[in-house]
Every structure is written in C-alpha cells, then in structure tokens.
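Notes follow the structure.
As a basis for the values below, the full set of heavy atoms in this structure was taken, side chains included, without hydrogen atoms, waters or symmetry mates. Protein chains get the first letters and strands the later ones, always in sequence-line order, with residue 1 at the start of each.
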Amino acid sequence: MAKAAKNAISPTRQENYPEWYQQVIKAADLAENSPVRGCMVIKPWGWAIWENMQRVLDRMFKETGHENAYFPLFIPLSFLQKEADHVEGFAKECAVVTHHRLEPGPDGLLRPAPSSLLEEPLIVRPTSETIIGSLYAQWVQSYRDLPILINQWANVVRWEMRTRLFLRTTEFLWQEGHTAHATAEEAQAETDKMLGVYATFAEEYMAMPVIRGEKTAGERFPGAVSTFAIEAMMQDRKALQAGTSHFLGQNFSKAQQIKFQDQNGTEQFAWTTSWGVSTRLVGGLIMTHSDDDGLILPPRLAPKHIVMLPIYRSAEERGPVLEYVNSLKRELEDQKYDGEPVRVIIDDRDLRGGEKNWHHVKRGVPLRAEVGPRDIADNAVFLSRRDTGEKQKMSRADLVQTIDTLLADIQTGLFERALKMREAHTQEINTLDDFRAYFTPQNAKDPEIHGGFALCHWHDDPAVDELLKELKVTIRCIPLDAPQEAGKCVITGKPSARRVLFAKAY
RNA sequence: CGGGAUGUAGCUCAGCCUGGCUAGAGCACCUGCUUUGGGAGCAGGGGGUCGUAGGUUCAAAUCCUAUCAUCCCGACCA
C-alpha cells in the first residue's frame, strides 16, 4: 500500500506560494494554459464558478438600475488617441489588426495579404471607454437622455509581459460598466455606489474581506479623475486589486464630445464613470480560501454544494446504495440555500473511494457525503466539511433539515477566517526602519511569506516612489474610512493628514 | 527589448560533456485478476519522425550552424 500523501497539493503554501497557486488550479481543474501565449482555457469547473459570479453581479447591476448591451471588439486606432492619458496607459499593450485577408505567400505559407492592408488599423479593445463614449456622444442630446447606465460583459485584450492564470492573462473576461450623467455629483455617486456593489459582492459572496479606498495619482486609471478600488489580502499577505470604479469627470466626454443641453439650454459636457471586475476574481477566490489540499469554495459561489459518494463492494449492494443517494439527492434539492435549490451531485464513477474523495476535496466542494451500506442501515450519511475538515456521522433527517444553515455557517466561517488572517497581518508602521524591516524577507534569494498590509502616513514625493520601488511595495489605496490624523510621512517625514495602505501587490 | 536557461511519450524528466545495438524512467492511459469507508497491488499493453531546417560523419537525441518556440529575472500591468 502506497502511503497517502499528507496533502493533496505540492508544494504547500509555505514552501512555494506561486507554485502552490498553479497546482491548485491544476488539481481543481479550473483552467489551463492554451497554445496561445498568455491566454487561458477556462475549464468547466472554473467556468461554473465564473458563471455564478456573473449571475450574482448581473443581478446586482440590474438592481441598481443598469442595463446590459454589447459594443464591438475592435476599436479604430484613432479613437484611442483622443484621450491623452488613456493613450499613455494602454498604447504599450494593444493588439492591433492591420489586415483583413490571408493569402499564400511566395513560400506557399499563409500570410496577411498586402493588398488587404487596412487604411486605419483596428485595435482589439483593452477597455471600451473610447468606443462606448463615441456612441454615447450620438445618443445624448438633451439632459433628458441622461443618465445612461449600461454594462457589458465582454472579453478584452492587454498584451502583458508576464501572465498568470486568472490573475493576469492576455485575454480576460470581465464586465465593464459605462455611465454618463448630467452632473458631477451624480457621476460621483454612481462611482461610489458601484464600488459598494463590488465590496458587497466580494465580502458576502466571495467571503473575501476587502478594503475600499481611493487610488493615488500614480495608480489611477489612465484618463480618470479619480479611481476607487477594493483591495483584498491573499494568503501570502500580498494585496489583490479586486475591482475598480472610476470617476472620469469630463475627460472622456470632452474627448468624445458627449454633450447635451441642460434645462437652461446651455451646452454641457456629460460626466462619466466606468467600473469593472474580471476573471481575476477567480484568482482572488482561490488565494483567499484554498489550503494545501486544494480549492475551497464559498457555498454561495460553489457550482455544487454537496457531493454524494456512494460506497459499495458488490453489485448487490450497488442498487440499494444508489437508490438511497438518489432519493436523498431529491430531498436535498427540495431544500433552499441562499434562495435557490441546494446543488447536489452524485459521483458514481467507477473509481475507488479514496481517489474519488480526493477529487472533490481538490475541487473545493463544500460538503461531501459518503454513503455506504453501514450508513443506510442507520439512515445516515458520513459527512465531511471541506472548510474545517470536520467529519461526522449525521442522520439523514438532520442533514436535510440543517443543510442550509450548515452551508451558511461555512460561508461566514470562511469570511471570518479570511478577515482574521488580514487583521493579523495589518499594522500601523511609523518609522522607516520598521517599514523596511516589515517588507524585507529574511531570505532574499527565496523569499518567504512576509509583510502584509501597513497603514502609514504618507506625503506624495519622488523619494517615496524610489523606496517603494526598491522594496517592491505599492500604495494600494487611501482607505475611505481612514480617519483624519495628523502625522509625518513614514518615509520622508513630511506632513501627512492620514494613513494610507501599503502592501506588495499582484 | 536587456540578462539567464530550456525544447526527448499526455505530464515531469534521464540520456548529450566522451556520437555506436530496437531511445529510457516515473506518473497518466488501456486490458485482466485481486481489491475498495482517505490517493490500491500484480501481470500485460498502447503511445516518440528526440522543436524545426541544414551541415559534419560509416553512424547524430548526442557535435556544428541557423531558425522557431517556451520559461525565469528586469521594465509594464485588472
């Protein structure tokens, strides 16, 4: 008998966090690299998680008054050029379409036909402010046409240098909301509202605690007046920007000529916003909850809540066991969790019990119920929780009656665990020495998990940027709930009015 | 685009320095038997133009040249 590995995932988080992350994705069968550099294939289990995210977010957007629409993948090159900062931000990472036909070249191999050269190249959208803005310009004449509150689910392409599954891929899926308003106040309120939607989604559905804050000028979205974000701490104590909401002021409306006449007949530029979350959230979900045995899914987003594992030795036992699990499945599906039927799967594949069990452990199914002849005799199941590893024999009636509270308990438990983790690794730092020590690993060659979130006073200054670059630390945000508190910049000693959040980031 | 490395089975790799029989291992896969309540054992089997194109040689995975691709470190980033 081969000895069972202690953990399903190797290396462990402590041993090598980035590698662990890759292995969890592989073990849970979420996604894999594709033949195209930097692009990923999202496999059914990973896609099901994304679908659940989409479903919830889509509902939240609609509840806040937004409609879905769809805009083109291609954007005329000249559109990008209209907003100077925007060009600066995205020009370096655009895929460009220059031809529209292929033909065999002199060597017989297909090549873009020189005669099909486009007069104006098209870029594959890295984000859609410009194309959507150009259409809003046509749609808006009067203050009565405002606000426009539209969201689109789409793919975008950013030609990044280095990619990582879910966290940064060349092509990624996201939603982008684009709104236009008659007043700055209204647009600002929209920006705040959507940041709130994201924070709620992250905390209540993903069970991922986040800090809401405003980005500093250096981290701002290209072309935005102000950028707000939610920041989460991963288990390696690095920050992940999980969603952004931008107040674009009139920058894009001026560039795109989104004008309207107000009640007084005066011509005004509209005030616009944009906001988005991407498949990166799946990466955040993985890194927030998963352990050395693989993925752990919060029940509200889990494609399946409970897997039933029928156990039998012989053909004679098979029938009754399957009958039992099937009827139990129906009974569980009649129960509701989070307003929807409990999602149950029976795994009756012809595999040995242990292997099958591990399969679902690695995929993060919240509950596993083993059902064999012994359990049937007692009218019970042997239930395992993925989050705590807790196992117990439970009567069938109890399982049916308590599955919703059990799942709710797992959901809150995951959030609390993540919150505790974040709090344990968040501190106020007041001296440069402490700051440096906090963000410097003991082992420079093979950095161990270190640091965390640091709340420090800050004064915008080039000297700060230099040190941050050296330490590979960034200012994540100015937390919205940061109290006014006079102090001195932790790096330069210059005056500061409040603390900001520093961390290493993805 | 700078610095470093690697391309051999589905995956991870050995073999290369010092050229030589039918190119190997582990995992995965298929078949059979025995097993089965936390990753099974035994036996058998399938799968490779050794990244590509040239060159040297009686003989190339191995040496030489070119080329393509990928990975790691930097600059950039949801």
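Under the salt bridge (charged side-chain N to carboxylate O under 4.0 Å, His left out) criterion, A/R313 pairs with no residue, sequence neighbours left out. The salt bridge (charged side-chain N to carboxylate O under 4.0 Å, His left out) search around A/E93 returns none, not counting sequence neighbours. A/W45 pairs by the ring pair (Phe, Tyr, Trp, His ring centres under 6.0 Å) definition with nothing, not counting sequence neighbours. The salt bridge (charged side-chain N to carboxylate O under 4.0 Å, His left out) search around A/K62 returns A/D58, not counting sequence neighbours. Shown here are the salt bridge (charged side-chain N to carboxylate O under 4.0 Å, His left out) partners of A/R125, two or more places apart in sequence or in another chain: there are none.
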Sequence neighbours left out, cut at 3.5 Å: what donor-acceptor pairs do the side chains of residues 376-383 of chain A make with other protein atoms?
unit_1 : atom_1 : unit_2 : atom_2 : d
A/D378 : OD2    : A/K393 : NZ     : 2.6

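Looking at residues 300-329 of chain A, you'll see A/I311, A/R313 sit with a heavy atom under 4.0 Å from some atom of RNA chain B.
Using a 4.0 Å heavy-atom distance criterion, A/R368 is classed as a base contact. No contact: A/K393 has no heavy atom under 4.0 Å from any strand. Residue contacts shown for A/F221 are absent, as no nucleic acid heavy atom lies under 4.0 Å away. Contact annotation for A/T244: no contact, since no heavy-atom pair falls under 4.0 Å across all strands. A/T169 comes within contact range of at least one nucleobase, with a heavy-atom separation under 4.0 Å.
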Could you check A/T227 against A/H246 for side chain to side chain donor-acceptor pair (under 3.5 Å), going step by step and ending with a plain yes or no? CA-CA 4 Å; A/T227 286; A/H246 314 291; 2.9 Å; yes
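Rounded to whole angstrom, the span from the CG atom of A/D347 across to the C1' atom of B/G38 amounts to 15 Å. One atom, CG of A/D29, and another, C1' of B/A28, lie 14 Å apart when rounded to the nearest Å. Distance A/W358 CH2 to B/U36 P: 20 Å, rounded to the nearest Å.
Using atom C1' as the reference point in both B/C29 and B/G47, the two lie 9 Å apart (nearest Å). Between B/A69 and B/C27, the two C1' atoms lie 26 Å apart (nearest whole Å).
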Would you sketch RNA chain B in dot-bracket for me? Only Watson-Crick or G-U wobble pairs with both distances under 3.5 Å count, crossing pairs as [ ], other-strand pairs as |, the rest as dots. (((((((..((((......[...)))).((((((.....)))))).....(((((..]....))))))))))))....
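With hydrogens and angles ignored, no donor-acceptor pair closer than 3.5 Å exists between the side chain of A/N357 and the base of B/G39.
Of all nucleotides listed (B/G39, B/C11, B/A78), B/A78 comes nearest to the side chain of A/R280. Distances from the side chain of A/A8 to the nucleotides B/G38, B/G39, B/C11 place B/G39 closest.
Note: A/F247 and A/W271 have parallel aromatic rings, judged against thresholds of 30 and 60 degrees for the angle between ring planes.
Sorted by first and then second residue, the ring pair (Phe, Tyr, Trp, His ring centres under 6.0 Å) pairs with a member in residues 8-31 of chain A read A/Y17-A/W20; sequence neighbours excluded. Sorted by first and then second residue, the salt bridge (charged side-chain N to carboxylate O under 4.0 Å, His left out) pairs involving residues 225-234 of chain A (not counting sequence neighbours) are A/K215-A/E231, A/E231-A/R476. Residue pairs meeting the ring pair (Phe, Tyr, Trp, His ring centres under 6.0 Å) criterion with at least one member in residues 282-311 of chain A, sequence neighbours excluded: A/H305-A/Y337.
Residue A/F382 and nucleotide B/G37 are not classified as a stacked aromatic pair, given the requirement of ring centres less than 5.5 Å apart at an interplanar angle below 30°.
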Below 3.5 Å between N/O atoms, which protein atoms pair up with nucleotides 74-76 of chain B? Just atom names and distances, please.
unit_1 : atom_1 : unit_2 : atom_2 : d
B/G74  : OP1    : A/K472 : NZ     : 2.7

